[in-house]
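In what follows, a single structure is set out as structure tokens and then discussed.
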Amino acid sequence: MTDGPESGSGTSGVSEAPSGTTTTSAATDEGTSAVTGGAVEVTVTPIPVDILEFDDTLFNEDSAVMMPEIPSASSASSTSTTSSGSSASSGTGDSPSSGENNEPPFTGVKAIGMGFIMAGLYPERGMLVTGHTASQSDVQESFRLSRERASGIMYLLQGNIGRWATTCAGRHVVRDYKRILKYLSGYEGAWKNGDWECDPGDIDNNFNETTKTALNNFAQHFNSDIAAHTEGIDPLPANLGEIIDEADDNRLSSSHWRAIYHVYELLICDFLGKSRTELAEMRHNLHWVSDTVKTVGCGHSYSVPGGERADDKIRSQTDSRVEILIYQGNDHERDALAVCPTMPIAAVHDLANDCPLWAERHFTRSYVGNGDRYAVVYHLRFKYFDRVKKEILDIPGRVNIKAYMRPEAAGSDPVNIPCITQYQNGIHTVRVRFEEENPDFSGKLFYFEFEAPEREGTPVVRMIHTEGPDSTPRIVNRPDDWNSKTFAEKYHYYDLPMKWSSHNYFTRHLSTPANDERWHAHIKDKRQLKPYGANVTSQSEPLTFSLDDIVLFDTNSSHDQNKCKENPNYSRYVRS
């Protein structure tokens, strides 16, 4: 835990054009050969980003304090008013979409825990925390509040107790600590010695005798169950309720919020199944998009597109939310994305011209869901020989990879395992959503597949087209005039498999054929990868496949290469 200075805050940053359009480039990592005054064609690839949402019900009106959880049905008699002045239900029936599998979404302290999990899944990526508010008449205040909300989430991730307590003390309402006390009154944790008896009653901004008693009981149990057993934690005054009764606007001080921080940390540990010492170690593994800018206050500049909310991609019913963006990019992209345009803070930013961070099509977005708690990320690289460039290259775009499991017994039907596929710089990252932390895959086969997309029920033939030796290969649909093309024209195209399975292609630890093995032997025996072992892949050591490996089966669906000489109906050869 640190009490150091705030690690940067700002308000958003870098524009993007749809892939394949003509635009101009101000800077690239390699520089540019563009001629001044001339148009340059630049192919811009959207950056894959995972979004972890802290929805609007976690923030009360004019408050920067994140609640530990969405209000439960037990507080349905009260409502949580958002920054727009509208009322969001505090019962579960009208709460935002519950996400996958009809389970409650990860929110509050559990979402903080998911931030640590996602950081562990993507060590090569960085985080950026963005805050948002609903429309307010004071635009400058809207930017300030959104920045404080984002900073509060960052401080919880960093373990910056001093800054978090100061932020909460400076921007909270009575309703905040009432909701926290009510949540703790019903929470069961090993660190609680029985019922804390700190239910404050109705969740509103009124301070009364019930509130006073709840605060006194909270202080008593915090001191006996937490402060007395942990070195370095200061106890609360036993008469906390009376102190707050006499305070201006019945507000808690930063020292009181320090105590609540310790409770939040225990809640995060409970969710992760970790000790406070282990949580401190996890904090060392956090990565940020920028060393200087870790939070962005967007105010009301970015409102949720109606389609995304309608499709349940975003749970928040208003724009008052905080999001952790987890993405990768080169140094230029990271620096540019984390710096907002220079403009008056009193003006709402225009997405098209001023807000490169949230500009349309800058990101390909995936939302973190319940299925990600026990997810495992696999890095896959697909190679092919480009006849035009006369090089072995990575395929230049994404294919839709699916994960499967089936028993080893012949004739067993495969079971699809939900996953998310992202692509950048030649690497497919496939986040496979297992249902438990260490699934038992003994006697089971785990594998990947992809196949050609369909259009109106007909498979679409996908090809890699290379115009010339100096051009960039790209994935295209097979041209409609394919049959009329000459051999010389077809020479510039490379067929992607209509259906591909990791079972049928040799798997390489690196890119050299000397390291190739059959899929199951490679991931289970050689590398002992999850779900068979404890290891994982990485960008530097992906699972590599050559699409030039052609494998034909015998009638028993076997492709043992030792049978090649014995059975004329079975062979393996390299196309390149």
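We're numbering straight along the sequence, starting at 1.
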So T130 and V322, side-chain contact (heavy atoms from CB on, under 4.5 Å) or not? Walk me through it.
-> CA-CA 6 Å; T130 66; V322 173; 5.8 Å; no
Flag the pair [X] / [Y] as yes when at least one side-chain heavy-atom distance between them is below 4.5 Å, and no otherwise.
X: Y122; Y: Q422; result: yes
X: I326; Y: V49; result: no
X: F54; Y: L52; result: yes
X: L128; Y: I324; result: no
X: T364; Y: Y423; result: no
X: R276; Y: E278; result: no
X: V289; Y: M127; result: no
X: Y378; Y: T429; result: no

[X] side, atom [atom1]; [Y] side, atom [atom2] - distance, nearest 0.5 Å:
X: M405; Y: I417; atom1: CE; atom2: CD1; result: 6.0 Å
X: E69; Y: T107; atom1: CD; atom2: OG1; result: 3.0 Å
X: I47; Y: Q424; atom1: CD1; atom2: CD; result: 6.5 Å
X: I153; Y: T295; atom1: CD1; atom2: OG1; result: 11.0 Å
X: M463; Y: R478; atom1: CE; atom2: CZ; result: 6.5 Å
X: I401; Y: C419; atom1: CD1; atom2: SG; result: 8.0 Å

Partners of [X] by side chain to side chain donor-acceptor pair (under 3.5 Å), sequence neighbours excluded?
X: D525; result: none
X: Y187; result: D270
X: S502; result: none

Please state whether the rings of F382 and H428 are parallel, tilted or perpendicular, taking 30° and 60° as the class boundaries.
->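 Answer is perpendicular, since the angle exceeds 60°.
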H379: partners by ring-ring contact (aromatic ring centres under 6.0 Å, His included), with sequence neighbours left out =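 In terms of ring-ring contact (aromatic ring centres under 6.0 Å, His included), with neighbours along the sequence ignored, H379 is linked to no residue.
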With sequence neighbours left out, write down each residue that passes ring-ring contact (aromatic ring centres under 6.0 Å, His included) with H520, or none if nothing qualifies.
-> Y532
Which heavy atom of [X] sits nearest to which heavy atom of [Y], and what is that distance?
X: M498; Y: P459; result: CE-CB, 3.5 Å
X: R381; Y: P542; result: CB-CG, 4.1 Å
X: C298; Y: S146; result: N-OG, 3.4 Å
X: E541; Y: R527; result: O-NH2, 2.8 Å
X: L529; Y: L543; result: CD1-CD2, 3.9 Å
X: P68; Y: L267; result: CB-CD1, 4.2 Å

SB check E265 R283 (cutoff 4.0 Å) |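 Counted as a salt bridge, because a side-chain N and a carboxylate O are separated by less than 4.0 Å.
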salt_bridge(R125, D50) N-O dist < 4.0 Å |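 Yes, R125 and D50 are salt-bridged.
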Answer yes if the ring centres of F545 and Y505 are under 6.0 angstrom apart, and no otherwise.
-> no
Kindly state whether the ring of Y493 and the ring of W482 have centres lying under 6.0 angstrom apart.
->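 They qualify: ring centres under 6.0 Å apart.
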Mind running side-chain contact (heavy atoms from CB on, under 4.5 Å) on E53 and S316 for me, showing each step along the way?
-> CA-CA 8 Å; E53 180 191 358; S316 299; 2.6 Å; yes
Does the side-chain contact (heavy atoms from CB on, under 4.5 Å) test come out yes or no for I268 and L279, once each step is laid out?
-> CA-CA 9 Å; I268 296 168; L279 180 61; 4.2 Å; yes
Does E323 have any salt bridge (Lys or Arg N to Asp or Glu O under 4.0 Å) partners at least two apart in sequence or in another chain, and if so, which?
->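 E323 satisfies salt bridge (Lys or Arg N to Asp or Glu O under 4.0 Å) with R321 only.
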Side-chain donor or acceptor of [X] paired with backbone N/O of [Y] under 3.5 Å:
X: K526; Y: I523; result: no
X: K192; Y: L184; result: yes
X: N504; Y: S501; result: no

In sequence, state the C-alpha distance, the side-chain angles, and the governing distance for D56 and R149, and then conclude on salt bridge (charged side-chain N to carboxylate O under 4.0 Å, His left out).
-> CA-CA 11 Å; D56 54 357; R149 286 177 174 172; over 6 Å; no
Could you pull out all residues at least two apart from [X] that satisfy side chain to side chain contact (heavy atoms under 4.5 Å, CB included)?
X: R373; value: F106, M114, I117, F271
X: T472; value: none
X: D386; value: Y384, V388, K389, L393, T466, P473
X: L156; value: M66, I112, W164, Y261, Y264

Would you mind listing every side chain to side chain donor-acceptor pair (under 3.5 Å) that reaches into residues 398-421, with sequence neighbours excluded?
->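 For residues 398-421: none.
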With a 3.5 Å cut-off and sequence neighbours excluded, list the donor-acceptor pairs that the side chains of residues 437-452 form with protein atoms.
from	atom 1	to	atom 2	distance (Å)
D440	OD1	S442	N	3.0
D440	OD1	S442	OG	2.7
D440	OD2	S442	OG	3.4
K444	NZ	D440	O	3.4

Determine, step by step, whether T544 and K383 satisfy the side-chain contact (heavy atoms from CB on, under 4.5 Å) criterion, reporting the C-alpha distance in whole Å, the side-chain angles of both residues, the deciding distance to 0.1 Å, and the verdict.
-> CA-CA 7 Å; T544 301; K383 295 283 189 178; 4.0 Å; yes
What do you reckon, is CG of D480 surrounded by more than 12 foreign heavy atoms closer than 6.0 Å?
->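 At most 12 heavy atoms, drawn from other residues, nucleotides or ligands, come within 6.0 Å of this atom.
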Counting only heavy atoms not in E435, do more than 12 fall under 6.0 Å of its CD?
-> no
Just checking, any donor-acceptor pair under 3.5 angstrom between side chains of S275 and T277?
-> no
